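The figures that follow rest on heavy atoms only: side chains count, while hydrogens, waters and symmetry mates do not. Quick caveat: nothing in here was measured; it's all calculated off a predicted structure. Each ligand, and each atom within it, is numbered from 1 in the order the structure gives.
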Amino acid sequence: MNYKRFLFAILILLIIVSGIYFIGRETPNNSVSNPEPNNSEVTKSEGSEFLMDTLVRVRIHDENSEQVLEEVLNKLSYLENIFSKTIEDSDINKINSNAGVKPVEVNEETYKLLEEANRFSEITGGVFDPTIGPLVSLWGIGTEDEKIPTEAKIKETLQKINYKKIKFQEDNKIFLSEEGMSLDLGAIAKGYAADYIINYLNEKDVDSAFINMGGNVSVHRDKVDGSLWNIGIQDPVRSRGNIIAAVEGEDISVVTSGNYERYFIEDGVRYHHIINPETGYPARKGIISATVISNNSSYADALSTSFYILGVEKSFQIAKGMEDVNIVLITKDDKAYVSEELKGQITFTVDDLEIIYR
Ligand code: AMP
Ligand code: MG
C-alpha cells in the first residue's frame, strides 16, 4: 500500500468529518469561537497479541502510530523469547537447564531483570523469590497436572528455593548454584517489559499510549485530549471486566495480583498461583487482591505479588518506606486498605466494601 497516500486520505477524511462536526455542533455557552486543540495529525493504532502468557493489548496515539505499534509488539516478543520458561532456547531456560552445572551467558536485559528481581527479594525479606520455579512446577496450577502435593514433597522442594543462590558473574553470566533449581519470572517480567516499552515511547517522543498486559496496565503520558487516563482495578470476586475501582493518572502503572488469575478448588479450598516461599503453599494472609500503583511497572509487578503474600500490615510498612509506591489491598472480609496518597485519585465503584485509608 502507498503509505503516504493512505495518510493523506485519512487526513482529508478527518478534515471533512471535523468540518461536519463543527457545523453540526451547538455552542450555546461559547459565543466567542474557542477552537479545540488541533489533533488532526494525531492518529491511533491498536493491536493485541498473546505474549508472556497473557493477551497483551496496546494502543498508540502518534503520527507514526502504526510503526510504533509494530515496534512495540516486536520488542515485547523479543523479551518473551528471552524471559520465557517454556521457550526452548530462552535465556531463562538455558539458565535452568544448567543449574548446578555451569554459568550461562545471557542477554543484558535478562541480567538486568534478574538483578532487579533480586533487589525485590531483599526488600521483601525473601517473600518475592525468582527461584520459585520448582514449587510452581510441583503445584502445576493452571496446567493439566495441578494437584495438592504431599507435605513431604513440599518440604523437599522448599530446599531448592533460595534467591541467594543466583550467582551473578562477569560478562553477563548467571549461575544457579544447585542442581534442580529453576527461575520463574512470572511475577516481574511483565512489569519489566512494560517499563522497557515506556522507555522506548519516551525516546521516540510518542504522544500517548495505553498498554494492558492482562492486569498490568501502564500508560504513557496523558490522553491525547489532555485528560487523565482512567485505569480499572479488577473486582476479585466478580467475573473479568467488572471493576472495583478506577484510578486516574498519567505516566503510571497499575498492577494487580489476585487469587482469581489461576487456581483450582478442592474441598472448598482455593489453591492459587501465588506461593509463599516460607510455607511452600499458596499464600493465605487474608488478601484476595493486591494492587500497586507506581510510575515504575517492575516495582508495581514485583510488589503486588509480594504484598499479596505479606498481608496488610507488612505491606503498608514496606510501601510507606518507598517513594511512589501506593497500594490497594482487598481482603476476604470485604475491606479495601488504601494508601492515603490515593485520595482523590481513586474512585470505588462498588458499595459493599469498607474503605480504609492509611
Ligand atoms: P503475578 O501474577 O505477578 O502475581 O505473578 C504470579 C506468578 O509469579 C506465578 O504464576 C508464578 O509464576 C510466580 N510466583 C509465584 N509465587 C512467587 C513468589 N513467591 N515469588 C516470585 N514469583 C512467584
Ligand atoms: Mg507480579
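- Proximity of a side-chain donor or acceptor of Ser90 to a complementary backbone N or O of Asn81 within less than 3.5 Å is not detected.
- Contact atoms of ligand 1 toward Val127: 18 (C), 19 (N), 20 (N) (distance under 4.0 Å to a heavy atom of the residue).
- Expressed to the nearest 0.5 Å, how far CD1 of Ile243 lies from CZ of Phe348 amounts to 10.5 Å.
- Taking a cutoff of 4.0 Å between a charged side-chain nitrogen and a carboxylate oxygen, Asp129 and Lys165 do not qualify as a salt bridge.
- Within the set His273, Lys85, Glu278, the minimum heavy-atom distance to atom 9 (C) of ligand 1 is found for His273.
- The Mg ion (ligand 2) has no N, O or S atom of Ser304 inside 2.8 Å of it.
- With the Mg ion (ligand 2) as the vertex, atom O of Ala187 and atom OD1 of Asp301 span an angle of 70° (nearest 10 degrees).
- Among all protein heavy atoms, the one lying closest to atom 22 (N) of ligand 1 is Ala187 CB, 3.4 Å.
- Contact annotation for Ile309 and ligand 1: only side-chain heavy atoms (C-beta onward) come within less than 4.0 Å of the ligand.
- Using a 4.5 Å heavy-atom threshold, the side chains of Arg284 and Tyr271 count as touching.
- Salt bridge status for Glu115 with Arg119: absent, with no side-chain N to carboxylate O gap under 4.0 Å.
- Nearest to atom 23 (C) of ligand 1 among the protein's heavy atoms is Ile132 CG2, 3.6 Å.
- Ile231 and Ile197 fall into different hydrophobic clusters, defined by Ile, Leu, Val, Met, Phe, Trp and Tyr side-chain heavy atoms under 4.5 Å apart, directly or through other members.
- Every atom of ligand 1 is numbered from 1 in the order shown, and the set under 4.0 Å from a heavy atom of Ser257 is 1 (P), 3 (O), 4 (O).
- Not a single heavy atom of Lys190 sits under 4.0 Å from any atom of ligand 1.
- The single protein non-hydrogen atom nearest to atom 20 (N) of ligand 1 is Asp129 N, 3.0 Å, given as residue, atom name and distance.
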ring-ring contact (aromatic ring centres under 6.0 Å, His included) evaluation trace for Phe316 with Phe307: CA-CA 9 Å; Phe316 270 89; Phe307 291 163; 8.3 Å; no

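- Between the side chain of Asn242 and the main chain of Ser239, a donor-acceptor pair closer than 3.5 Å is present.
- Closest protein heavy atom to atom 1 (P) of ligand 1: Thr305 OG1, 3.3 Å.
- Within the structure, the closest approach of Leu185 to ligand 1 does not fall below 4.0 Å when heavy atoms are considered.
- In terms of protein heavy-atom proximity, atom 16 (N) of ligand 1 is nearest to Ile275 N, 3.1 Å.
- Here the side chains of Tyr281 and Asn276 are not in contact, with every heavy-atom distance at 4.5 Å or above.
- Interface of Gly186 with ligand 1, defined as ligand atoms under 4.0 Å from a residue heavy atom, comprises 3 (O), 5 (O), 7 (C), 8 (O).
- Between Phe120 and Tyr299, the angle of the ring planes goes over 60°, which puts this pair in the perpendicular group of the 30/60° scheme.
- In terms of polar-atom proximity, Asp184 is counted as a contact of ligand 1, with an N or O under 3.5 Å from an N or O of the ligand.
- Contacts with ligand 1 closer than 4.0 Å are made by side-chain heavy atoms of Pro277 only, the backbone lying farther away.
- Annotation: the span from Asp301 atom CG to Ser257 atom OG amounts to 6.5 Å, rounded to 0.5 Å.
- Screening Ile166, Asn98, Val104 for a side chain to side chain contact (heavy atoms under 4.5 Å, CB included) involving Ile174 leaves a single residue, Ile166.
- Between the Mg ion (ligand 2) and Ala300 there is no N/O/S contact shorter than 2.8 Å.
- Every N/O-N/O distance between Ile188 and ligand 1 stays at or above 3.5 Å.
- Each of the following atoms of ligand 1 lies closer than 4.0 Å to a heavy atom of Asp301: 3 (O).
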